[in-house]
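Reading through the structure tokens given below for one structure.
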Amino acid sequence: MKIVAKDFYRIFNERTKPVFVELGFKRSKANAQGWQRSADGSEVLFWPQLDKYGWNEETGSRVAFNFSRSATATAAAIVFAPTATVQPQWCRLASLLSIDELEAVRRANNVVALRTWPPNKDGLHWRTFEAHQPGLYAATYGPKDEPIKPGADTWLRYLVLEDVEWIGSFLAQHLPSLIERMLAYPKISAFGGSYATEKEA
């Protein structure tokens, strides 16, 4: 079954919406699928980002989760470059996870990877990636033995609806601690520290 964006968001929101509401978040005006709340004199924004390639039967698809905090709601909705004059706190999910939680994501991603491995070398997706850069397909979609590095640009993979259910349940379970960590450790960012390096090193 092909999983389009509305399928992903329906299942994801079923599992995460009650937690966001309980934590005091409201739907963000900056992103149709985002959530936002005021905390400690700043604005905290969460938004999911689906892979631009969409879903296909060769690899499934992927989603990244973004978190930002800034003094104003407007700035919180913008991802600034490291050289920007005003730099809000922004990171992706892996920057806020513990070592054990990163390992849970690695294992879940490998479940998806092993369903689609070895790749179909006659498939359009494989040929497109290999034409761009040999080895890129394996690096992006192959099973991973090494632990995920804290702060890595990690995407969560899904091939079937059960994978989306796991992603939604995992995020719902950890959301309270993820928000707490972002507020407690202002050095956490995509361009700096992570929770694992700040807390667990």
Side-chain angles (χ1 to χ4, degrees), residues 1-39 43-69 73 76-79 89-98 100-116 125 140-141 144 148 151-183 188 190 194-195:
M1 173 183 173
K2 182 177 182 179
I3 302 176
V4 297
K6 69 176 182 179
D7 297 324
F8 176 90
Y9 288 126
R10 174 179 55 81
I11 296 172
F12 180 75
N13 288 332
E14 285 175 357
R15 282 155 177 75
T16 59
K17 180 179 178 180
V19 182
F20 277 115
V21 172
E22 184 178 348
L23 292 174
F25 280 79
K26 296 181 179 180
R27 278 298 186 184
S28 170
K29 295 180 180 179
N31 186 296
Q33 297 298 332
W35 293 88
Q36 189 167 327
R37 85 167 196 201
S38 299
E43 295 293 324
V44 177
L45 178 69
F46 164 90
W47 72 101
Q49 179 181 342
L50 297 182
D51 193 322
K52 64 180 179 180
Y53 295 108
W55 184 97
N56 69 84
E57 62 183 8
E58 294 178 51
T59 62
S61 191
R62 308 183 300 169
V63 59
F65 296 115
N66 300 279
F67 298 78
S68 74
R69 180 174 65 158
I78 302 173
V79 176
Q89 183 183 6
W90 169 72
C91 66
R92 283 198 166 143
L93 178 64
S95 295
L96 296 169
L97 295 179
S98 68
D100 289 344
E101 292 159 357
L102 288 168
E103 177 59 16
V105 170
R106 185 192 71 84
R107 291 197 303 265
N109 277 349
N110 273 354
V111 168
V112 179
L114 290 170
R115 292 200 203 108
T116 60
H125 213 61
T140 305
Y141 297 109
K144 303 294 189 298
I148 297 174
D153 185 11
T154 301
W155 295 62
L156 281 73
R157 296 185 59 185
Y158 57 94
L159 180 67
V160 296
L161 294 178
E162 288 78 9
D163 300 327
V164 181
E165 292 171 354
W166 185 90
I167 291 171
S169 296
F170 177 83
L171 196 71
Q173 176 187 350
H174 295 289
L175 261 175
S177 58
L178 297 177
I179 301 302
E180 181 179 317
R181 291 167 188 175
M182 187 169 195
L183 295 174
I188 293 177
S194 68
Y195 173 73

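For N13 (side chain) and R10 (main-chain N/O), no donor-acceptor pair under 3.5 Å exists by modelled atom type. The closest donor-acceptor contact from the side chain of R181 to the backbone of L96 lies under 3.5 Å. Panel note: side chain N56, backbone T59; a donor-acceptor pair is recorded below 3.5 Å.
H174 meets the ring-ring contact (aromatic ring centres under 6.0 Å, His included) test with F170; sequence neighbours excluded. Taking the ring-ring contact (aromatic ring centres under 6.0 Å, His included) definition, one finds that Y9 meets it with nothing, sequence neighbours left out. Scored by the side chain to side chain donor-acceptor pair (under 3.5 Å) test, N31 finds no partners at all (sequence neighbours excluded). Under the salt bridge (Lys or Arg N to Asp or Glu O under 4.0 Å) criterion, D153 pairs with R92, sequence neighbours left out. Considering only residues two or more places apart in sequence or on other chains, P176 meets the side-chain contact (heavy atoms from CB on, under 4.5 Å) condition with V19, L23. By the ring-ring contact (aromatic ring centres under 6.0 Å, His included) test, F46 pairs with F20, F65, F67, sequence neighbours left out. A search for side chain to side chain donor-acceptor pair (under 3.5 Å) contacts involving S177 returns nothing, not counting sequence neighbours. Considering only residues two or more places apart in sequence or on other chains, R27 meets the salt bridge (Lys or Arg N to Asp or Glu O under 4.0 Å) condition with none of them. Shown here are the side chain to side chain donor-acceptor pair (under 3.5 Å) partners of T16, two or more places apart in sequence or in another chain: there are none.
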- Please test E101 against V105 for side chain to side chain contact (heavy atoms under 4.5 Å, CB included), starting from the C-alpha separation and ending with a verdict. CA-CA 6 Å; E101 292 159 357; V105 170; 5.9 Å; no
- Evaluation steps, side chain to side chain contact (heavy atoms under 4.5 Å, CB included), between W155 and N109: CA-CA 9 Å; W155 295 62; N109 277 349; over 6 Å; no
- Message: Could you walk me through whether L50 and Y158 satisfy the side chain to side chain contact (heavy atoms under 4.5 Å, CB included) test, starting with their C-alpha distance in whole Å, then the side-chain angles of each, then the deciding distance to 0.1 Å, before giving a yes or no?
- Response: CA-CA 11 Å; L50 297 182; Y158 57 94; 3.8 Å; yes
- Task: For side chain to side chain contact (heavy atoms under 4.5 Å, CB included), just list the numbers for T116 and Y141, CA-CA rounded to whole Å, side-chain angles, deciding distance to a tenth of an Å, and then say yes or no.
- Result: CA-CA 9 Å; T116 60; Y141 297 109; 5.7 Å; no
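Looking at E103 and I148, their side chains never come closer than 4.5 Å, going by heavy atoms from C-beta outward. A 4.5 Å side-chain heavy-atom check between N110 and R106 finds at least one atom pair inside the cut-off. Within the 4.5 Å cutoff, the side chain of Q49 has heavy atoms near those of the N66 side chain.
Atoms CG and CG, on L171 and L156 in that order, are 8.5 Å from each other to the nearest 0.5 Å. Between I3 atom CD1 and I11 atom CD1 the span is 6.5 Å, to the nearest 0.5 Å.
The minimum heavy-atom distance between M1 and W55, with the atom names listed, is O-CZ2, 3.6 Å. When all heavy atoms are compared, the tightest approach of R157 to V112 is O-CG2, 3.6 Å. Between G54 and S61, the shortest heavy-atom contact is O-OG, 3.0 Å. Of all the heavy atoms in S194 and I188, the pair that sits closest is C-CG1, 3.8 Å. Closest approach of G151 to S95, counting heavy atoms only: CA-OG, 3.5 Å.
Judged by distance alone, the side chains of H125 and Y53 never bring a donor and an acceptor atom under 3.5 Å apart.
Screening residues 56-66 for salt bridge (Lys or Arg N to Asp or Glu O under 4.0 Å) gives D51-R62 as the qualifying pairs, with residues at least two apart or on separate chains. Within the structure, salt bridge (Lys or Arg N to Asp or Glu O under 4.0 Å) pairs that include any residue of residues 28-39 do not occur (at least two apart or interchain).
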Donor-acceptor contacts under 3.5 Å from residues 161-169 side chains, at least two apart:
from: D163; atom 1: OD1; to: R115; atom 2: NH1; distance (Å): 3.3
from: D163; atom 1: OD1; to: R115; atom 2: NH2; distance (Å): 3.1
from: D163; atom 1: OD2; to: R115; atom 2: NH1; distance (Å): 2.8
from: D163; atom 1: OD2; to: L159; atom 2: N; distance (Å): 2.8
from: D163; atom 1: OD2; to: V160; atom 2: N; distance (Å): 3.0
from: S169; atom 1: OG; to: E165; atom 2: O; distance (Å): 3.0

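When the options S28, S68, S38 are evaluated for a side chain to side chain donor-acceptor pair (under 3.5 Å) with E43, the one that passes is S38.
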